[in-house]
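What follows is one structure encoded as structure tokens, with my remarks underneath.
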Amino acid sequence: MNIAYIDEMDIKNKSILLRADLNVPLDNGGNITDDTRIRAVLPTINYALDENAKVILVSHLGRPKGKRVEGLSLAPVAKRLSRLLDKDVKFIPETVGGEVESAISSMKQGEVVLLENLRFYPEEESNDAEFGQRLAKLAEVYINDAFATAHRSHASNVAVTRFIGVCGAGLLMRQEITYFERAVENPVRPVVAIVGGAKISDKLRLLGNLSAKVDKLIVGGGLVFTLFKAIGYEVGKSIVEDSVIDDARAVVETIRGRGIKFYLPVDFVVADKFDPSAETKVVTSQEIPKDWMALDIGPATTALFSEAIQNAKTIIWNGPMGVFELDAFSRGTYAMISHVANTYALTIIGGGDTDVAVHRAGEMAKMSYISTGGGAFLALLEGKDLPGIAALRQCSAGAQAAGG
Ligand code: AMP
């Protein structure tokens with residue numbers, strides 16, 4: 001059973017509980033520093049408004065850990081959304097209960113309200129059934145457009161679907177799933193995956209899964225050193241997760257067994273300490289000094305990797321090539337961004353830090369798609385079923401079985 005999308009459903013004049021991801025970054029003064037996530041859900045909101053629906057938005061913001069934290073109120077998001085939609089967005093300082101229900105009952109068709117931060121309630125993150133039921137009570141139709149939280153099992157994306165008759169996904173969710181399928185499930189070949197970053201155990205699972213689907217696998221970033229140590233190279237003081245060395249060895253064997261092209265760095269920028277003012281030099285991958293740490297790929301590696309992607313028709317990228325947050329170790333990541341941006345391939349950037357780096361490089365427009373979900377995109381690449389999407393599938397199946 002496939003999930004239903006909002007534009008395939010009858011939502012005319014209905015009330016819609018729309019789970020969005022409005023988890024925007026705020027500065028110390030509580031100002032929104034980047035409204036990309038708000039903009040990403042506008043097509044779904046506008047579609048619902050065109051259908052004359054009542055739109056009841058819910059989202060989380062930050063990590064208040066089940067308590068009310070004033071600095072993490074969604075009130076500033078309501079204001080920004082109102083400006084972007086050019087229409088009033090009423091903010092309700094509660095998420096469930098009497099005040100919310102009475103505000104919703106006085107809503108007119110074509111109006112939008114935003115409820116308070118879901119994560120002020122501990123029941124949200126514990127996927128509490130009763131909390132899901134209280135959310136479900138607020139509307140006739142449930143739409144999930146929060147791809148970035150789809151890898152979590154929370155009340156607003158899982159429990160709620162058990163108590164509301166009609167469920168579907170929004171237009172952002174469709175875009176995310178479609179691009180993922182175009183990149184991984186049904187790609188135009190050759191397909192190249194570039195994997196970097198430092199969440200080593202997650203990335204090992206990802207390498208295992210991707211190696212069955214791609215033609216070339218390019219690995220850079222901090223996870224390289226666990227692989228190098230597993231195959232017996234000297235890695236000095238570079239980042240290594242010793243508890244997964246055996247897994248790393250098994251993953252290398254698996255990749256080699258698949259017969260795909262497997263590229264590892266041939267040189268690095270090493271530093272005598274983890275510091276912007278560290279002494280640095282470029283060494284080959286065989287010559288990392290014992291007391292130094294490798295914090296970026298070197299120029300020979302950039303040349304090798306950029307040549308390897310030249311004939312790609314599809315490129316999927318997750319994770320930076322080095323510690324790009326520090327200028328001295330950012331060159332490898334930025335050089336690869338520019339090479340990827342200038343290929344003719346379908347280029348898909350897997351959210352998280354890679355997304356940050358692409359924004360800093362100003363190359364967003366040259367990428368085919370940048371996912372809004374770091375963890376969710378990574379989980380999809382690892383081959384996991386996302387609970388938020390599975391719940392929509394079950395809900396749609398249930399509705400169909402009941403003749404809905
Ligand atoms: P991830 O969330 O797994 O994509 O990891 C992103 C983080 O990996 C960034 O904060 C980078 O600074 C870090 N990283 C990339 N390369 C290295 C490296 N060689 N050593 C330590 N950290 C790294």
Side-chain angles (χ1 to χ4, degrees), residues 25 148 151 193-210 217-230 233-244 247-248 251 263-276 278-285 287-289 291-302 305 315-337 340 348-361 370-382 384:
H151 59 311
I194 306 173
V195 181
K199 282 192 207 90
I200 292 161
S201 24
D202 288 351
K203 304 280 166 123
L204 285 180
R205 266 195 303 275
L206 181 153
L207 294 182
N209 186 50
L210 275 182
L217 187 53
I218 293 177
V219 183
L223 81 148
V224 163
F225 308 102
T226 303
L227 300 180
F228 272 15
K229 193 161 176 190
Y233 287 9
E234 172 64 56
V235 297
K237 288 191 174 159
S238 310
I239 186 172
V240 168
E241 210 173 291
D242 279 309
S243 61
V244 295
D247 299 343
V251 165
Y263 291 89
L264 286 165
V266 290
D267 65 343
F268 294 106
V269 178
V270 294
D272 60 346
K273 52 181 185 268
F274 191 97
D275 194 277
E279 195 182 324
T280 65
K281 58 185 176 184
V282 173
V283 299
T284 74
S285 55
E287 295 181 23
I288 300 176
D291 287 334
W292 292 54
M293 56 187 75
L295 296 177
D296 194 11
I297 55 172
T301 303
T302 307
F305 287 0
I315 300 174
I316 313 155
W317 184 358
N318 181 280
M321 297 288 99
V323 182
F324 74 100
E325 298 91 337
L326 301 180
D327 282 348
F329 315 110
S330 64
R331 216 166 275 157
T333 301
Y334 289 128
M336 284 307 291
I337 288 173
V340 168
I348 295 174
I349 305 297
D353 280 306
T354 330
D355 171 6
V356 173
V358 170
H359 273 82
R360 281 193 199 160
I370 302 178
S371 174
T372 58
F377 192 84
L378 187 61
L380 276 182
L381 290 181
E382 285 171 36
K384 291 182 182 159

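Order of appearance sets the numbers: ligands from 1, and atoms from 1 within every ligand. Index from 1, following the sequence.
Side-chain atoms of E234 come within 3.5 Å of backbone atoms of G236 as a donor-acceptor pair (strictly under, hydrogens ignored).
Heavy-atom minimum distance, A278 versus A271: CB-CB, 3.9 Å.
Using modelled atom types and a 3.5 Å distance limit, the side chains of N318 and K203 yield a donor-acceptor pair.
Note that the OG1 atom of T301 and the CG atom of D296 stand 9.0 Å from one another [nearest 0.5 Å]. Between the CD atom in E325 and the CG atom in D327 there is a gap of 11.0 Å [rounded to 0.5 Å]. In this structure, CD1 on I200 lies 12.5 Å from CZ on R205, to the nearest 0.5 angstrom.
Sorted by chain and number, the residues within 4.0 Å of ligand 1 by heavy atom are G197, A198, K199, K203, G221, G222, F225, I239, A294, L295, G319, P320, G322, V323, E325, D353.
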